[in-house]
2 protein chains.
Amino acid sequence: MSIHEAIRAHIADRERILSVSAILFRENGYERTSVREIAKACGMLPGSLHYRYRSKDDILVDMMRLAIENIISGIVVAISSVLDPLEKMRAALRAHVNVLMSGDAMVYVLLFEWRSLQGAARVQMIAERDRYENYWQTIFDTLKVQGCIRSDVDIDMLRLIGLGAVNWVATWYNEDGKYSLEQIGDAIWQMMTRGVLTKEYDEKAKKL
Amino acid sequence: MSIHEAIRAHIADRERILSVSAILFRENGYERTSVREIAKACGMLPGSLHYRYRSKDDILVDMMRLAIENIISGIVVAISSVLDPLEKMRAALRAHVNVLMSGDAMVYVLLFEWRSLQGAARVQMIAERDRYENYWQTIFDTLKVQGCIRSDVDIDMLRLIGLGAVNWVATWYNEDGKYSLEQIGDAIWQMMTRGVLTKEYDEKAKKL
DNA sequence: GTCTATACTCTGATAGAC
DNA sequence: GTCTATCAGAGTATAGAC
């Protein structure tokens, strides 16, 4: 095996371990999932898993790093081809809902299992969450600068409440339920935009 | 001790055990809190605690029962003296935020630790959560019947998204932060009501 | 009803052979 | 790098004396 193949295999291992762990964590919670279970689900023995991650906390911290990368890049891809700022925001919300609900279990874990970390691991995790928070802040700042959102609107509050509504969806969404992910994403987008847009964009929004 | 005193003492014990446990669960999570810790914090020994609750899960289930009672009665008290339907809704939202954030740790636990329960205990807990869900559904139904909310508005979606925004506040609210609980409650109320009220009430809402 | 002492299980982590 | 075997400790639950 060449050095390049070895590196590729190592990365593939990392992603496999993390995605398998994420599914277990989402299903049963971090604390109720044992390292033995994780190893078994990965087709390894506990000792081998220990070689990659020295502790269970390390798995969770690394998972959160990857989850942030995944959700940010998911949004970047979703909005890069959209020009209109309002539609960009709607696309970003849809992407967040999609990655959270139908995509990556890691993102769910990121949002709901961070309380399991303490001490230094918690500090690292908070730094990762701040990266994502800042990313959304940039999106909203841009909307305001572009004259999309009225200048008197508190965009921090808007972001906090809006993303809260989105994240909580994960606690009640049901694949066989009354609403599709698109409907939910759009309803939240509507609730966030109603009454906060400048006149020009308010007209546009009604047509979307 | 008379039989009445004994019953009172028993109820007081229950509330003490549950509120002490709730604080520990909120702080460290359900799984990371041991029954030894709970007993110690209650000033009892593990054996005595076991006499009241045969298992740790039983504590959590009973706590959820009390939490639902507390939050519903908190809202009932807050809205009972308010006549205007719109203000009733705002008062209910404020009460929910207040009980969740500054009041009862049990309500926080109810919202964030239910995933720790499995099997029969989980079924019981879901039944309790449904009671609360139904209570809010009644509030929204009333608003619609009274001609407060436009007839074309999907009040289920409104409720799900609005309460989601409220509940998520618990993950970011900071007592020393930029916003007070009242500001947050009102901002959510505004976001929920903007663009969904009938003309008559929309005028009223602007004055509130 | 309360306390002491303990049974039993499972956990995360590791040492050392291969 | 992977596997086997095991450690030390924590977890819940309980039996039985008072």
Side-chain angles (χ1 to χ4, degrees), chain A residues 1-18 20-22 24-25 27-63 109 113 115-122 125, chain B residues 1-18 20-21 24-25 27-63 109 113 115-122:
Chain A
M1 195 191 286
S2 77
I3 179 83
H4 293 99
E5 280 169 341
I7 291 172
R8 238 199 317 277
H10 192 269
I11 292 173
D13 269 353
R14 177 197 180 212
E15 301 215 339
R16 193 165 51 86
I17 292 170
L18 292 182
V20 165
S21 307
L24 292 171
F25 291 165
E27 204 67 23
N28 307 320
Y30 175 74
E31 331 270 0
R32 294 178 90 98
T33 306
S34 69
V35 291
R36 287 173 175 82
E37 281 178 77
I38 297 172
K40 190 175 177 185
C42 290
M44 331 170 122
L45 291 175
S48 309
L49 180 60
H50 182 71
Y51 176 77
R52 305 300 179 94
Y53 290 103
R54 290 183 53 227
S55 78
K56 193 179 160 188
D57 277 5
D58 286 349
I59 298 178
L60 189 51
V61 170
D62 195 35
M63 182 184 300
V109 173
E113 298 291 333
R115 297 175 61 252
S116 299
L117 289 176
Q118 306 198 334
R122 189 161 195 155
M125 175 276 302
Chain B
M1 195 193 283
S2 77
I3 179 82
H4 293 98
E5 281 169 341
I7 290 172
R8 240 198 317 277
H10 192 269
I11 292 173
D13 268 353
R14 177 195 180 212
E15 300 215 339
R16 193 166 50 85
I17 292 171
L18 291 182
V20 165
S21 308
L24 293 171
F25 292 166
E27 204 66 24
N28 307 320
Y30 175 74
E31 331 269 0
R32 294 178 90 97
T33 306
S34 69
V35 292
R36 286 174 175 83
E37 280 179 79
I38 296 171
K40 191 176 177 183
C42 289
M44 330 170 124
L45 291 174
S48 310
L49 179 60
H50 184 258
Y51 176 77
R52 305 301 178 91
Y53 290 102
R54 291 185 56 229
S55 80
K56 193 180 163 189
D57 276 5
D58 286 351
I59 298 178
L60 189 51
V61 170
D62 195 36
M63 181 184 300
V109 173
E113 297 291 334
R115 297 175 61 251
S116 300
L117 290 176
Q118 306 198 335
R122 190 160 194 157

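Since we're looking at a predicted model, the values are computed, not measured. Just so it is clear: chains get the letters A, B, ... in the order the sequence lines come, proteins before strands, and each one is counted from 1.
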**Asked** Who pairs with B:Asn28 by side chain to side chain donor-acceptor pair (under 3.5 Å), at least two apart in sequence or on another chain?
**Response** none
**Request:** Scan residues 39-50 of chain B for pairs that pass salt bridge (Lys or Arg N to Asp or Glu O under 4.0 Å), counting only residues two or more places apart or in two chains.
**Result:** none
**Asked** Can you check whether B:His50 has a side-chain N or O nearer than 4.0 Å to OP1 or OP2 of D:dT14?
**Response** yes
Nearest-Å distance, [atom1] ([X]) to [atom2] ([N])?
| X | N | atom1 | atom2 | result |
| --- | --- | --- | --- | --- |
| B:Arg52 | D:dA13 | CZ | P | 17 Å |
| A:Glu31 | D:dG11 | CD | P | 11 Å |
| B:Leu49 | D:dT14 | CG | P | 13 Å |

**Asked** Of B:Pro46 and A:Pro46, whose closest DNA chain D nucleotide lies nearer the 5' terminus?
**Response** A:Pro46
**Fill in**
Comparing A:Arg36 with A:Gly43, nearest DNA chain D nucleotide closer to 5' gives the residue A:Gly43
**Message:** Under the rule for side chain to side chain contact (heavy atoms under 4.5 Å, CB included), what residues qualify as partners of A:Glu27, not counting sequence neighbours?
**Reply:** none
**Message:** I'd like the 5' and 3' limits of the part of DNA chain C contacted by chain A, with heavy-atom contacts below 4.0 Å.
**Reply:** C:dT11 to C:dT14
**Item:** Those residues that, when tested against B:Asp58, pass salt bridge (charged side-chain N to carboxylate O under 4.0 Å, His left out) (two or more places apart)
**Value:** none
**Asked** What pairs of residues pass the ring-ring contact (aromatic ring centres under 6.0 Å, His included) test when at least one of them lies in residues 27-53 of chain A, not counting sequence neighbours?
**Response** A:Phe25-A:Tyr30
**Message:** Let's go through B:Arg32 and A:Gln118 carefully: what are the C-alpha distance in whole Å and the side-chain angles of both, what is the deciding distance for side-chain contact (heavy atoms from CB on, under 4.5 Å) to 0.1 Å, and is it a yes or a no?
**Reply:** CA-CA 11 Å; B:Arg32 294 178 90 97; A:Gln118 306 198 334; 3.8 Å; yes
